[in-house]
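Residue numbering restarts at 1 for every chain, and letters A, B, ... go by the order of the sequence lines.
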Protein chains: 2
Amino acid sequence: MKLSTKGRYGLKAMFDLAVNYGEGPIPLKSIADRQNISEHYLEQLMMILRKAGLVKSVRGAQGGYMLARKPAEITVGDVLRVLEGPIGLVDCVLEQDPLECDKAENCIMRIVWEKIRDSMVAAMDSITLQDMCDEAEKRKAESQNYMYYI
Amino acid sequence: MKLSTKGRYGLKAMFDLAVNYGEGPIPLKSIADRQNISEHYLEQLMMILRKAGLVKSVRGAQGGYMLARKPAEITVGDVLRVLEGPIGLVDCVLEQDPLECDKAENCIMRIVWEKIRDSMVAAMDSITLQDMCDEAEKRKAESQNYMYYI
DNA sequence: TTAATTCCTATCGTTTTAGTTGGTTTTCTG
DNA sequence: CAGAAAACCAACTAAAACGATAGGAATTAA
C-alpha cells in the first residue's frame with residue numbers, strides 16, 4: 001500500500017519548485033541536492049511531470065524547471081495521479097479506466113474499495129502546494145531555529 | 001499505491017467467513033473455490049490471520065476456519081493491517097513503528113502523508129464485516145437475480 | 001566556444017510478489 | 001482401524017516492479 005519513490009520524490013520536488021515559485025527556472029541539480037535525490041532519477045520524474053503539464057522547462061545554461069501553474073492551482077492529488085497513476089487501492093475502482101470486472105454490479109468488496117479511494121482522493125485534492133508553502137512559512141515564523149525541511 | 005493480493009484475497013476470504021458465520025468451520029477449499037483463489041496461497045494468508053487472532057481453525061476432517069469474533073467486531077482496517085502492515089503511504093507516518101526521520105519535527109511533507117493516512121484509516125475502520133453482510137442482504141432483497149458476489 | 005543544462009534511450013541489480021511443490025500432522029467417519 | 005479430509009509448515013521459483021545507473025544528444029546563456 002506504499003507509495004513508490006516516484007510519488008515521494010516527485011512531490012518533494014514539486015514543493016521545492018513551489019517554494020521557489022516566481023524565481024525563474026530552477027536547475028534540477030539544485031533540487032536533487034537539496035532533497036538528496038539522484039539527479040538522473042529525478043530527471044525521469046520531471047520528464048513525466050512536464051509531459052503531464054505540471055511543470056515547464058527551460059533548456060540550456062541557466063535553464064531549469066518551474067511550475068506550470070500557481071502553487072495554489074496544483075494539488076497533491078494532481079502530482080500523485082501523474083506519478084503513481086489513477087488513485088485507488090485496487091484496479092477495479094481506479095478513478096480512470098478501472099479494470100472491468102464481471103461482478104462489478106453487485107460486488108460488495110467494491111463498495112469498500114470505493115469508500116477508501118474516495119477518502120484518499122478527498123484528502124489529496126484538499127491540499128495545494130500553496131497550502132504546504134503557507135504551513136512552512138507559519139512554522140518558520142513560530143520558531144527561531146526552524147529550517148526549511150523540504 | 002496498490003494493495004497486494006494479500007489484502008484483496010484476505011478480505012474476500014474474511015467476508016466469505018462472515019457470510020457463513022455461525023455455521024461451524026468452513027474448509028479452505030470451499031472458500032478458495034468460491035473466490036477463485038489458489039488454495040495453497042490462501043492457506044498462507046489464513047495462517048497470518050490466525051496468528052493475528054482474527055480467525056480460528058479446526059484441524060482434521062470436517063475442519064476449517066471461522067471468524068474469531070463476531071462480524072460486527074472485525075473491521076476492514078483490522079484485516080488490512082494484519083495482511084498489509086501498518087496503514088500509511090510512506091514509512092515515516094505508519095501507524096505503528098514509523099520509520100524515524102531526522103527532519104520529523106518540521107517536515108512539511110509529513111503533514112500531507114498524515115492527513116492522507118488519517119483519511120484512509122477512518123474509512124477502513126468505519127466498515128465492519130457485518131456492514132458488508134448487511135449490504136449484501138440488502139442488495140439480495142432488492143434484486144431478483146442478485147447473486148452473492150463475494 | 002564552452003559550460004550548463006535539459007532531453008532521451010537503454011540497461012541492470014535487487015527486492016517483492018504471487019504463487020507452487022511437497023510434504024507432515026490432526027481428526028472425523030465408515 | 002483405515003482412509004480421507006483437512007489444517008499446518010517449509011522451501012523454492014518465475015515474473016514483475018523498483019530504484020536507480022550509464023552514456024550520450026540537443027539546446028542555450030555567457
A:L42 atom CG is separated from C:dC7 atom P, nearest whole Å, by 12 Å

Verdict with supporting geometry, B:K29 and B:D33, salt bridge (Lys or Arg N to Asp or Glu O under 4.0 Å)
CA-CA 6 Å; B:K29 184 162 178 19; B:D33 285 349; 3.3 Å; yes

Between OH of A:Y41 and C1' of C:dT11 the distance, given in whole Å, is 15 Å

Under 4.0 Å from OP1 or OP2 of D:dG19: is there any side-chain N or O of A:Y9 that close? no

Out of C:dA18, C:dT6, D:dG19, minimum distance to the side chain of A:L28 belongs to C:dT6

A:H40 has its side chain closest, among D:dG23, D:dA5, D:dG19, to D:dG23

The complete set of salt bridge (Lys or Arg N to Asp or Glu O under 4.0 Å) pairs with one or both residues in residues 74-94 of chain A, sequence neighbours excluded, reads A:R69-A:D78, A:R81-A:E95, A:R81-A:D125

**OP:** Evaluate the criterion salt bridge (Lys or Arg N to Asp or Glu O under 4.0 Å) for residue pair B:K138 and B:E135; output intermediate values, then yes/no.
**Re:** CA-CA 5 Å; B:K138 195 179 117 195; B:E135 184 65 29; 3.8 Å; yes

Of D:dC18, C:dA4, C:dC8, the nucleotide closest to the side chain of A:K51 is C:dC8

Would one find a side-chain N or O of B:T5 under 4.0 angstrom from OP1 or OP2 of C:dT17? no

Q.
Does either side chain, that of B:S38 or that of B:Y9, offer a donor lying less than 3.5 Å from an acceptor on the other one?
A. no

Next on the checklist: I want to check one thing: is the phosphate of D:dA6, taken as OP1 and OP2, less than 4.0 Å away from some side-chain N or O of B:S57?
Outcome noted: no

Got a list of side-chain donor-acceptor pairs under 3.5 Å for residues 44-59 of chain A, not counting sequence neighbours?
none

A:Y65 OH to C:dC7 C1', in whole Å, measures 7 Å

**Message:** With a cut-off of less than 4.0 Å, is there a side-chain N or O of A:R50 near OP1 or OP2 of C:dC8?
**Reply:** yes

Checklist entry - Could one point to a donor on the side chain of A:Q44 or the base of D:dT21 with an acceptor on the other under 3.5 Å away? => result yes

Taken to the nearest whole Å, CE/A:M46 to C1'/D:dG19 is 18 Å

* Asked: When you check the phosphate oxygens OP1 and OP2 of C:dT24, does a side-chain N or O of B:R59 lie under 4.0 Å from one of them?
  -> no

With the side chain defined as heavy atoms from C-beta on, A:P27 is closest, among C:dT5, C:dC7, C:dC28, to C:dT5

Whichever of A:A61 and A:K6 has the more 5' nearest nucleotide on DNA chain D, that residue is A:K6

Between B:G63 and A:R8, whichever has its closest DNA chain D nucleotide further toward 5' is B:G63

* Does A:E43 get its side chain close enough to the base of D:dT21, under 3.5 Å, for a donor-acceptor pair? -> no

